[in-house]
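Comments concern the structure below.
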Amino acid sequence: MPDLNIQLNGSIGNFDLSVDLQLPSSGVTAIFGPSGCGKTSLLRCVAGLEKISNARITLNGEIWQSSEKFVRPHKRSIGFVFQNSNLFAHLTVRENLGFGKKRCGNIQTGPSLDEITVLFGLEKLLERAVGRLSGGEKQRVALGRALLSNPEILLLDEPLSALDQASKNEIIPYLERMHRFIDIPILHVTHDITEVERFADRLVLMDGGRVVTYGPVIDMLTNSDLPFSQSQGAASILEGIIVDIDLDQGLSRISVDGGTFLVTGQPGNIGDAVRLRISAADISLGHEWDVSKISILNGLATRIIGAVEDDTQMQVTLALGKDGSGAKLLSRITRHSWERLGLAVDGEIFALIKSVALADPSGKSL
Amino acid sequence: MPDLNIQLNGSIGNFDLSVDLQLPSSGVTAIFGPSGCGKTSLLRCVAGLEKISNARITLNGEIWQSSEKFVRPHKRSIGFVFQNSNLFAHLTVRENLGFGKKRCGNIQTGPSLDEITVLFGLEKLLERAVGRLSGGEKQRVALGRALLSNPEILLLDEPLSALDQASKNEIIPYLERMHRFIDIPILHVTHDITEVERFADRLVLMDGGRVVTYGPVIDMLTNSDLPFSQSQGAASILEGIIVDIDLDQGLSRISVDGGTFLVTGQPGNIGDAVRLRISAADISLGHEWDVSKISILNGLATRIIGAVEDDTQMQVTLALGKDGSGAKLLSRITRHSWERLGLAVDGEIFALIKSVALADPSGKSL
Amino acid sequence: SARAETLKIAVAANFTNAARGLGAQFEADTGHNLLFSFGSTGKLFAQIKYGAPFDIFLSADMERATKTGNERLGLPETQMTYAVGRLALVTNGAKLQDGGEILIRPPEGKLALANPKLAPYGAAARDVLKWLGVFEQWMPFLVTGNSVAQAYQFVITGNASVGFVALSQLHDKPRNSYWLVPKNYHQPIRQDAILLNAGENSGAARNFMKFLGSSAARKIIARHGYDFDVIKQAN
Amino acid sequence: MLEIVFLTLKLAFVSTVILLIFGTPLAYWLARSPVWWREIIGAIVTLPLVLPATVIGFYLLVFLAPNSPAGEVLGNLFGHPLPFHFEGLVLGSVIYSLPFVVQPIRIAFEAMGELPLEAAATLRSSPLNAFFTVALPLARSGLITGGVLGFAHTIGEFGVVLMIGGSIPGETRVLSIAIYEAVENLEWSKAHIMAGGMLGFSFAVILLMMLLNKTMDRSRNA
Amino acid sequence: MLEIVFLTLKLAFVSTVILLIFGTPLAYWLARSPVWWREIIGAIVTLPLVLPATVIGFYLLVFLAPNSPAGEVLGNLFGHPLPFHFEGLVLGSVIYSLPFVVQPIRIAFEAMGELPLEAAATLRSSPLNAFFTVALPLARSGLITGGVLGFAHTIGEFGVVLMIGGSIPGETRVLSIAIYEAVENLEWSKAHIMAGGMLGFSFAVILLMMLLNKTMDRSRNA
Ligand SMILES: Nc1ncnc2c1ncn2[C@@H]1O[C@H](COP(=O)(O)OP(=O)(O)OP(=O)(O)O)[C@@H](O)[C@H]1O
Ligand SMILES: Nc1ncnc2c1ncn2[C@@H]1O[C@H](COP(=O)(O)OP(=O)(O)OP(=O)(O)O)[C@@H](O)[C@H]1O
Ligand SMILES: [Mg+2]
Ligand SMILES: [Mg+2]
């Protein structure tokens, strides 16, 4: 049963917004689209900050907006991170963080102020006036403030855009853990496809105020009708389970539908479900694979199930397993290689992938 | 002769800033560092918005700040893009864009308002009040406004952070062209290492108010003392010249010091200097290379000139050419492969790199 | 003097209507032009002292006119009493049975009067209360206005039940709607005029001073509720 | 004399407090209400200014007279008619100083914009709570300025106060009336002393408030 | 009568213009100067308020008397002493209304913050140019409010004007004095008509200015 329902039909100023989304009440939904396509507007409607006439919004059966009803923003249990931070200028960092915490009742389930302070590296800033923070510091305080307010849904409007990679690498896994433990839905606006790949369960693709399409990230990224698979940054996401860990070599074996991958690092414990992101440009194709001659540790038997010519490159869709029944992979090779290797749809081929290319950039999880 | 000199020693509030930079008066200098390390403060000092007591700033021999002199901001020919856009709320988009243009004298060398409008996709927004723009739209207007003011130096504080990849792919090449034609220095604060790799000539690495190190991007990225080469996202940058273009196959041949690469797309015309970014994780090593068996089009003979063990991976530094006299490459492989292939420093090995992995994500230039 | 002159005359506010009557007559007679500035006597004196361009000062009392002369702001020899004010008692509707009898009765409501410090009518009103021996009794019930005009407003608006005002304010009211306080209940309210330095060489100004003492003028002044029984004639 | 000073301060403080209590919500409403007649109310609030103080006082006197409808109601409420009583002075001062209090506060509320209130709403702060914990602190400058102007104007105003108060010692005779009397009565040295004391005291109060405002200022460059 | 109305409007417009011309830079300075005695000037500007209008008028009279030093200088400058002339009225009105004009504008400048001016400076706009093209438009609400308050207060003020002007017909006798005199002289129907006209006219002017302010408003939610 879809638990977060968003139906919007109307306009803000003279910007038309037309959205119809049914989302589960947990997991991360990335909202993706060009500048000015209505991502912020969508979040504002969900938060009740914008009141579109013809709208229906429900969360877990509770009606937030319908033709008869409009729950005002402060009655909605949301955590909102504004695109521009929007901190309270008259309060210190500590008071900003505490503002929501104080008002969310006695529930002690959420994170504590200390926890957030440490996570976001705000220890030295707590007594600072927010006017004297750097851009990234503001963004961290804003995110911390939202997390502390113990929300039933998190609405994040590019919360990490002003942060360096190291900070992101600290924060994303935390958000990931949090949403898995507290099990609340997160709508996450971002322009960073790698954030989507690492962190999102579902993807909503918007353009010009409408939802172009939405669905599980894995399907969306490999769907050849969508721009993702066409782009140079195209990648596939595979879900697998850790079946073996070689601590000495620093390699883990992950079993996916139709094959096994060797990856560097230890993404979890044996039995854990993990996600593999494989960039299409990282997959080479070869008729043979000899692990003693080349540093490529993964050579998986696959069947070519599709190929799209894109200018001078081929976007090849592969299915793991000789019979092509396994998980799908995207590979991107030159037309030159496609021809020279004599490849064709339905042919069998090895997909060659370096273990190192499979490591998560954060070095923490996949 | 270094033409942009920045020496700062002092504090803003209780944040200590200590900078000593000599930069050429053209080219892009990326400023990189964690949130709160002083990047914005540095730009503000150069712009004259912050007045540190003990400072000396000169541009092309003109003293902007010294112990005797302080040129006020409006007397400095800067184009500043603020981290928070900082548009004029009382003006429309068109008036914001025109604000600097009007005041920069009669010089007609800079871009025109129409040009900027089209480039940044602002056609429909020109008469809009800036309070009603989306985050990305604001950022585009701010960047356009700075470019139109015909500056002698561009100070960009995360100008693209709120933009989607497609917009970035439009804007970055334009900035690149611009800085090459007008030949002004650009200081570019960013958290996105790929922006640095694509766009910057020099890199300034900051931390805690000090410059950790700075130098040409190419050296910095492959320098094994710096965090870049250690990270999973490590990459090398090679400079080369286009020697051949196969329009039919969509491949270009680029000659670098010690070898030749086949890349997809047409990054320029024959004879053009281009830059190749090669992610360390994208380079496989092999004892042999048969282009008819595998879709990897580049197999370059290299010599291993260094190897650093990093946990369970090897960070391998290669030099092109059998004699190891050519350009340097970084490769990252598992220790497992390193051992299985029997590799050692000074050994010869093929570096295997997909052409597709060498394509620029923008699809426009390398 | 055939040439028409413009005279600036500072006039105590209580004399406003009478002054207008006099002015009309004088202008008709002589062709001169009169500009009256009305104000409280204290204000007018301060203005004269600090350079106000008035030719003649019609004070509401004797002292300020004398002071004007003493400080050489005007010509002492021209000082004259042009009117003697009469005090009247009004109520806000209640019938005045027998003169000041209402003052003897236990106080009811507020008694309005002009500020004794600022306005001679106020001082006179206080004299009356003292003369009747009821000042102490009324003390807590006194409300003072800036001027007799304000005292009258207190009564008319119904906020004070009874008030001392100038007879000149009542000249169009029926004789039985107020009690004219006997002259001997208080010091006479002499209003003196004096020719100021600015008017020294003006024939029209001297003319007006002369006119002020004329019987034609007195008729007009009397009509506006003023007396003449103690007139110190200037020489 | 002490009595007069005390009464003056009492009037100024009471009026300022009342002005802030009523003026602040009014200013908030004027700054944010979407109704079309908002500006009409705004203009009406300013209107008392254009009449001379004594004239306002006179109309108030008529309006509040014991036998007028409003006077009767208010008289019953307070147990006595308002004119010639302290409460009447307060009423007159409040009406006459209202625009000086409302307008600066309104500007401060307008300058604040909607964003902080939106942030507050997303953090479960009700409109009322946000008014107190976000809007008021952010409009602090406006509140203090409004308060200072209201305070100063109440101290200095005497036209309305004289008219509606009747200058009753201990009840409605305030310092401004005493100074006025001294000036009119040519007791200039007395006037100088009183005026000097009043200026000195008020200067101290105003300066204190303004310095307080600055030291509380966290939001510069925010 | 027409003469009085004309004189009144002339006084109000001239004073408002002068108040804005001098009050705006003063407010800008008060909002942004880093010097420690800034707040002292701020308090001094507010101080005239605490004295009764007639008392202010009296001190101005003394200060500007032809035989005083200041009076001599100004007298020579204008060709005649200022008291009892139109110019004197303007001076008195300006001094007495200054705080009402300066404070709202100051708040608007403060609320604007440094950022727009920094942006202007990076676009080659000199401080003076930025003041006119950035600061003034952004402080528009404050300017209009200040102007409206100054205008209304000048129209309604009569204490200072009466003292320093002397109510000379055609020269210094303005409507507020005429209404005051009509009320004092018990000519109430005349007072009602004048007060009504004045209220109606002022209401129209104030409403117009406030609506103008709102229609020019681009910056909401900015
Ligand atoms: N006015 C000030 N007073 C005191 N400290 C300040 C002031 N302004 C900034 N700082 C501090 O100085 C440090 C550097 O700030 P700066 O804005 O230069 O960082 P930054 O490198 O631009 O960071 P970011 O990437 O987050 O924008 C921060 O820790 C910030 O909190
Ligand atoms: N109040 C308003 N009136 C009219 N148009 C508006 C208003 N607010 C936003 N818009 C327009 O609506 C469109 C969507 O804005 P929105 O902020 O939702 O975009 P966005 O997807 O968040 O973009 P970005 O990634 O740049 O932040 C934009 O074109 C914007 O100009
Ligand atoms: Mg947005
Ligand atoms: Mg910054």
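For clarity, every value in this text was computed on a predicted model and none was experimentally measured. Residue numbers start from 1 in every chain, and the chains themselves are labelled A, B, ... in the order their sequence lines are given, proteins ahead of strands.
Between C:W179 and C:Y185, the ring planes lie perpendicular to each other; the angle is over 60°, past the 30° to 60° tilted range.
Within the 4.5 angstrom heavy-atom criterion, only side-chain atoms of D:Y180, from C-beta onward, approach chain C. Residue C:N115 touches chain D through its side chain alone, counting heavy-atom pairs closer than 4.5 Å. Proximity to chain C is absent for every atom of D:P81, based on heavy atoms less than 4.5 angstrom apart. For D:T172, no part lies near chain C; criterion is any non-hydrogen pair under 4.5 Å.
Contacts with chain C were tallied for D:N67, D:V62, D:L186, D:L64; D:L186 has the most, counting heavy-atom pairs under 4.5 Å. No other option in D:I164, D:I168, D:T54 has as many heavy-atom pairs under 4.5 Å with chain C as D:I168.
Residues D:R38 and D:R32 share a closest heavy-atom pair of NH1-N, 4.2 Å.
Between C:D61 and C:R64 a salt bridge is recorded (basic side-chain N to carboxylate O distance below 4.0 Å).
Taken to the nearest 0.5 Å, the CG atom of D:L47 stands 12.5 Å off from the CD1 atom of D:I95.
Under the 6.0 Å distance and 45° angle rule, C:K8 does not count as a cation-pi partner of C:F54.
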